[in-house]
Amino acid sequence: MTLFLSTAFCLTLFALNSIFCRAALVIWGMEPLQYTAVRGLSAAAMLALLCAVHLVRGQKGEGSVWKQAWKQSSWPGALFLFLYMISFSLAYKNIPSAAGTLIINISVQFGMMGWGMSHGLRLTKRQTAGLALASAGLLALLSPGLTAPPLGASLLMVVTGLAWAGYSLCGRKASSASLATAGNFFRASLAALAAGAAALALEEAAQPEAYACALAAGALASALGYILWYVIVPRYSLTGASVIQLSVPLITAALAVIFLAEPVTLRLALCSVPILGGICLALLSGHSRQEKD
């Protein structure tokens, strides 16, 4: 029960990233550069606090936790992380929460598998069928129509998903995911400071509620959510950890209806079935094969 509740709380934090962003940008009038800066800096500050109180711990004999966090991270990882945050903010200016999360999910899988194929990975028939099914669902979602999400924002969400895939791949060699996360946010805070400086020159100040949303997104939904996930994920198999993340778009859709009054359109409901089903098929096939090997 403890694992179930912890997992549910963690996945809800992931979903709240979309809710906080949409609320700040659409309801409270915040601009993307401001939001990205506050989110990135508050996440770095929270992770620094977690390091200071030893909730994020380093290996004994390897130096200070700060030095280890910096060593576990990388500049490419930090750049991918910042690209993810800025494209996320830009996209959510014009796309509903659930649709955005759905596009991110499929884009991450395409990015990861695309990288694998470029490095000699051969897809199984089930993986190919799963990606084809998910692609068909995505094309149906984005096809012209009254309820289709805006194409420009959708493409930015694709960039968001690909950036997250790149960030994940950069962290493959890290021995501590928590330390690598902290270090990458510390590095990315330099870009967040630059975004904040640009926001002061180019954007108008937002309402206080918007800053509260951005702070919560950084400190809670991002920093705390990611660290909690890395505590939980060893309790699951590779397949289980990947598949349960597919619930995030569904949680996001439910929260968007409750807090943002965003309707779940028939197109979104119908297209989510092949998208999530196709991703699940590809993940189950690939991970079951890896675990068997």
Side-chain angles (χ1 to χ4, degrees), residues 13-52 56 66 69-70 73-95 97 100-101 104 152-153 155-168 170-171 180-227 252 259-260:
L13 287 177
F14 289 165
L16 283 172
N17 262 320
S18 298
I19 304 302
F20 285 138
C21 188
R22 282 287 287 173
L25 298 179
V26 178
I27 297 178
W28 305 113
M30 200 172 202
E31 295 295 333
L33 285 174
Q34 292 179 66
Y35 185 86
T36 302
V38 176
R39 180 189 177 189
L41 293 173
S42 60
M46 172 60 81
L47 289 166
L49 176 62
L50 294 177
C51 288
V56 174
W66 314 100
W70 194 267
S73 61
S74 67
W75 286 115
L79 289 174
F80 275 122
L81 178 60
F82 181 75
L83 177 60
Y84 154 78
M85 289 192 291
I86 188 67
S87 57
F88 186 93
S89 302
L90 290 168
Y92 265 134
K93 189 76 174 175
N94 296 301
I95 193 170
S97 306
T101 309
I104 290 175
L155 292 176
L156 280 169
M157 277 303 179
V158 171
V159 173
T160 301
L162 294 177
W164 186 257
Y167 171 70
S168 301
C170 286
T181 298
N184 280 315
F185 266 104
F186 296 159
R187 293 175 187 260
S189 64
L190 299 177
L193 284 171
L200 289 174
L202 301 174
E203 298 175 349
E204 296 182 0
Q207 299 182 51
E209 294 86 350
Y211 291 106
C213 286
L215 285 168
L220 300 179
S222 295
L224 188 61
Y226 297 163
I227 295 301
T252 303
F259 295 110
L260 303 177

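This one's a predicted model, so the numbers in the text were calculated from it and none came from an experiment.
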**Study point:** Phe20/Tyr35 under side chain to side chain contact (heavy atoms under 4.5 Å, CB included): CA gap, chis, key distance, verdict
**Key:** CA-CA 10 Å; Phe20 285 138; Tyr35 185 86; 3.8 Å; yes
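- At a threshold of 4.5 Å between non-hydrogen side-chain atoms, the residues Phe185 and Met85 count as touching.
- Nearest heavy atoms, Ala214 versus Ser42: O-OG, 3.7 Å.
- Considering OG of Ser222 and CE of Met46, their distance stands at 10.5 Å, rounded to 0.5 Å.
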Could you give the side-chain donor-acceptor pairs of residues 201-208 under 3.5 Å, partners two or more places apart or in another chain?
from   : atom 1 : to    : atom 2 : distance (Å)
Glu203 : OE1    : Gln34 : N      : 3.0
Glu203 : OE1    : Gln34 : NE2    : 3.4
Glu203 : OE2    : Leu33 : N      : 3.1

Point to revise | Step-by-step side chain to side chain contact (heavy atoms under 4.5 Å, CB included) determination, Cys51 to Trp66 | key: CA-CA 7 Å; Cys51 288; Trp66 314 100; 3.8 Å; yes
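- Between Ile19 atom CD1 and Leu13 atom CG the span is 12.5 Å, to the nearest 0.5 Å.
- Note: Phe88 and Tyr92 have perpendicular aromatic rings, judged against thresholds of 30 and 60 degrees for the angle between ring planes.
- Between Lys93 and Glu31 the shortest side-chain heavy-atom distance falls below 4.5 Å.
- The nearest pair of heavy atoms linking Ala188 to Phe82 is O-CD1, 4.4 Å.
- Here Ser189 contributes atom OG and Leu47 contributes atom CG; the two are 10.5 Å apart, rounded to the nearest 0.5 Å.
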Review point. Please walk me through it: do Trp164 and Phe14 pass ring-ring contact (aromatic ring centres under 6.0 Å, His included)?
Key: CA-CA 13 Å; Trp164 186 257; Phe14 289 165; 8.2 Å; no
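- Under a 3.5 Å cut-off, the side chain of Thr101 and the backbone N or O of Thr252 do not form any donor-acceptor pair.
- Side-chain atoms of Arg22 do not come within 3.5 Å of backbone N or O of Leu260 as any donor-acceptor pair.
- Within the 4.5 Å cutoff, the side chain of Leu193 has heavy atoms near those of the Leu41 side chain.
- Distance check: Leu224 CG to Leu50 CG gives 7.0 Å after rounding to the nearest 0.5 Å.
- Of the candidates Val159, Leu79, Thr160, Thr160 is the only one forming a side chain to side chain contact (heavy atoms under 4.5 Å, CB included) with Tyr84.
- A donor-acceptor pair is defined here as one N or O able to donate and one able to accept, closer than 3.5 Å; such a pair exists between the side chain of Asn184 and the backbone of Ser74.
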Exercise for review: Report the C-alpha distance between Cys21 and Leu25 in whole Å, list the side-chain angles of each, state the deciding distance to 0.1 Å, and finish with yes or no for side chain to side chain contact (heavy atoms under 4.5 Å, CB included).
Suggested key: CA-CA 6 Å; Cys21 188; Leu25 298 179; 3.6 Å; yes
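- Annotation: the span from Thr36 atom OG1 to Met30 atom CE amounts to 9.0 Å, rounded to 0.5 Å.
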Exercise for review: Evaluate side chain to side chain contact (heavy atoms under 4.5 Å, CB included) for Phe186 paired with Thr181, printing each intermediate quantity in order.
Suggested key: CA-CA 9 Å; Phe186 296 159; Thr181 298; over 6 Å; no
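- Atom OG of Ser168 is separated from atom CZ of Phe80 by 10.0 Å, given to the nearest 0.5 angstrom.
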